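Working notes for the structure below.
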Amino acid sequence: TCYAESSDGINWIRPNLGFYEVQGTRENNVILANAAPVTHNFSPFLDTKPGVPEAERFKAVGGNEKSGLLPYLSADGIHWRKLRDEPILRGYAFDSQNLVFWSSVENCYVCYFRTWTKENYRTISRATSKDFLHWNEPVEMNFGDTPLEHLYTNQTHPYFRAEHIYVALAARFMPGRQVVTDEQAKEIQVSEAYYKDCSETVLMTSRGGNRYTRTFMEAFVRPGIGASHWVSRTNYPALGVVPTGPTEMSFYVQRNSAQPTHHLRRYALRTDGFVSVHAGYPGGEFVTKPLTFEGKELAINYSTSAVGSVRVEIQDADGKPITGYTLDESSEIYGDEVERVVAWQSGSDVSPLAGRPIRLRFVMKDADLYSIRFRP
């Protein structure tokens, strides 16, 4: 297992650590060696549980069916030690990436890993723990009424701007769906066993528990042009979505799997820019489900054209406009901002409505709405 670091998520270095002699030299960035099968899928995380000792700020898991899932600790994410020889979970293959994080919303550690459905589809299961050592029996994740698909790595983690929402950039695997010809395989030098299938990145979300929401069945990142992107286990995303600028966030996808050109690629989005509600030039509107909130102001992440606009009305739970917050009293918003406070003729204070069921009505023209939140 090797280590690279970056101060901005864009420019990366591989430090010369000298921990292990590999191929006759210590001039390398290896942080874990001679630890198979843990090094096959070593997956670290920063433990955000309150009160965690400094020596245990970083934790990791790795292993396979024979070893079970083994726990590791680190103070800095670089120097690692095995917590114990006994696995924290056993009885599953653990041959893909197995990941853990502390959920501040569910107040427990959660572990997501690949399993199989009774219909013989690769799927995702999860287990929970209060102390990282003793885990509840894993449960299979539910995907609502969407069709079963082969899902390899799941990369579920709390979104850095809204920890109650888990973002999962999963790898959708299409066994037997071959694009690359034998001739192309020779040209790109892909390993023989790894070009008769294809895969891509999909977007899922969860709010905890054993339920994923698959609002968007379309690919989030398509394979792209070129035979090298259509081999069996390429286009698998790495774990994490991170801020890489005041209005930008990034995620990473491994490309050209099983080829000499194998690499990790960065993809950038505007902050909160996974999806949007879009209105074209003729305009459109939508109304939210009833919700309650805490806070004093409503902030939106939006983008309009020069002729576009966004206006907001607050209604009661039955859909009746609330005086002081009607559409006619709403200030017209146009521009492109990650955080813009919504205002009406009386101002932006919505605290008199806090704690009671309300609906939000958005009337838009040539605009995209990426997120909404109530802030203090």
Side-chain angles (χ1 to χ4, degrees), residues 1-3 30-49 52-53 55-104 106-118 121-142 150-158 166-171 173 204 206 208-212 233 236-240 254:
T1 300
C2 299
Y3 171 88
V30 177
I31 60 170
L32 200 64
N34 306 314
V38 172
T39 46
H40 165 63
N41 52 20
F42 191 71
S43 185
F45 70 99
L46 178 63
D47 191 350
T48 57
K49 181 181 179 180
V52 169
E56 302 178 5
R57 289 180 61 240
F58 289 87
K59 294 181 173 66
V61 295
N64 62 13
E65 184 175 17
K66 184 177 180 180
S67 70
L69 209 54
L70 296 168
Y72 279 70
L73 298 177
S74 173
D76 57 7
I78 303 174
H79 301 81
W80 291 90
R81 62 183 175 89
K82 188 190 292 186
L83 177 57
R84 68 182 191 190
D85 291 328
E86 181 185 352
I88 58 173
L89 285 169
R90 63 171 73 246
Y92 297 87
F94 300 124
D95 59 337
S96 184
Q97 186 174 359
N98 316 283
L99 60 95
V100 178
F101 62 85
W102 171 259
S103 170
S104 61
E106 298 184 81
N107 196 36
C108 63
Y109 293 98
V110 292
C111 177
Y112 291 85
F113 56 97
R114 184 171 65 77
T115 53
W116 291 82
T117 69
K118 62 176 187 262
Y121 279 87
R122 295 170 177 85
T123 192
I124 303 160
S125 293
R126 88 166 205 161
T128 60
S129 171
K130 290 293 185 180
D131 62 3
F132 186 62
L133 294 178
H134 304 90
W135 291 79
N136 297 326
E137 187 68 23
V139 295
E140 197 172 283
M141 295 296 290
N142 180 283
H150 289 276
L151 297 173
Y152 238 99
T153 56
N154 67 83
Q155 311 303 24
T156 307
H157 62 286
Y166 305 162
V167 171
L169 296 179
F173 182 61
M204 309 186 298
S206 176
N210 70 321
R211 168 80 182 228
Y212 279 119
R233 286 165 175 80
Y236 285 21
L239 176 60
Q254 61 92 352

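All values reported here derive from a predicted model rather than from experimental measurement. If you read the sequence from its start, that first residue is 1, and numbering goes on from there.
- Legend: salt bridge (charged side-chain N to carboxylate O under 4.0 Å, His left out) pairs involving residues 34-43, not counting sequence neighbours: none detected.
- Judged by the 6.0 Å and 45° rule, R114 forms a cation-pi pair with Y152.
- Contacts of H40 classified as side-chain hydrogen bond (donor to acceptor under 3.5 Å, both in side chains), with partners at least two apart in sequence or in another chain: none.
- The side-chain hydrogen bond (donor to acceptor under 3.5 Å, both in side chains) check on N34 picks up nothing, with sequence neighbours excluded.
- Remark: E56 engages no residue in a side-chain hydrogen bond (donor to acceptor under 3.5 Å, both in side chains) (not counting sequence neighbours).
- At a cut-off of 3.5 Å, with distance as the only test, a side-chain donor of Y109 or D47 sits close to an acceptor on the other residue.
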Y72 and F42: CA distance, side-chain angles, deciding distance, ring pair (Phe, Tyr, Trp, His ring centres under 6.0 Å) verdict: CA-CA 9 Å; Y72 279 70; F42 191 71; 5.7 Å; yes
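- Below 30°, between 30° and 60°, or above 60°: for H150 and Y121 the angle between ring planes is between 30° and 60°, a tilted geometry.
- Remark: R126 engages E106 in a salt bridge, criterion side-chain N to carboxylate O under 4.0 Å.
- In this structure S43 satisfies the side-chain contact (heavy atoms from CB on, under 4.5 Å) test together with Q97, L99, L239, sequence neighbours excluded.
- Minimum heavy-atom separation, N154 to F113: ND2-N, 4.1 Å.
- The two residues I31 and G77 make their nearest non-hydrogen contact at CD1-O, 4.1 Å.
- For F58, the side-chain contact (heavy atoms from CB on, under 4.5 Å) partners are L46, S74, W80, not counting sequence neighbours.
- There is no side-chain donor-acceptor pair under 3.5 Å between S125 and Y112.
- Annotation: side chain of E65 is not in contact with side chain of F94 (no heavy-atom distance under 4.5 Å).
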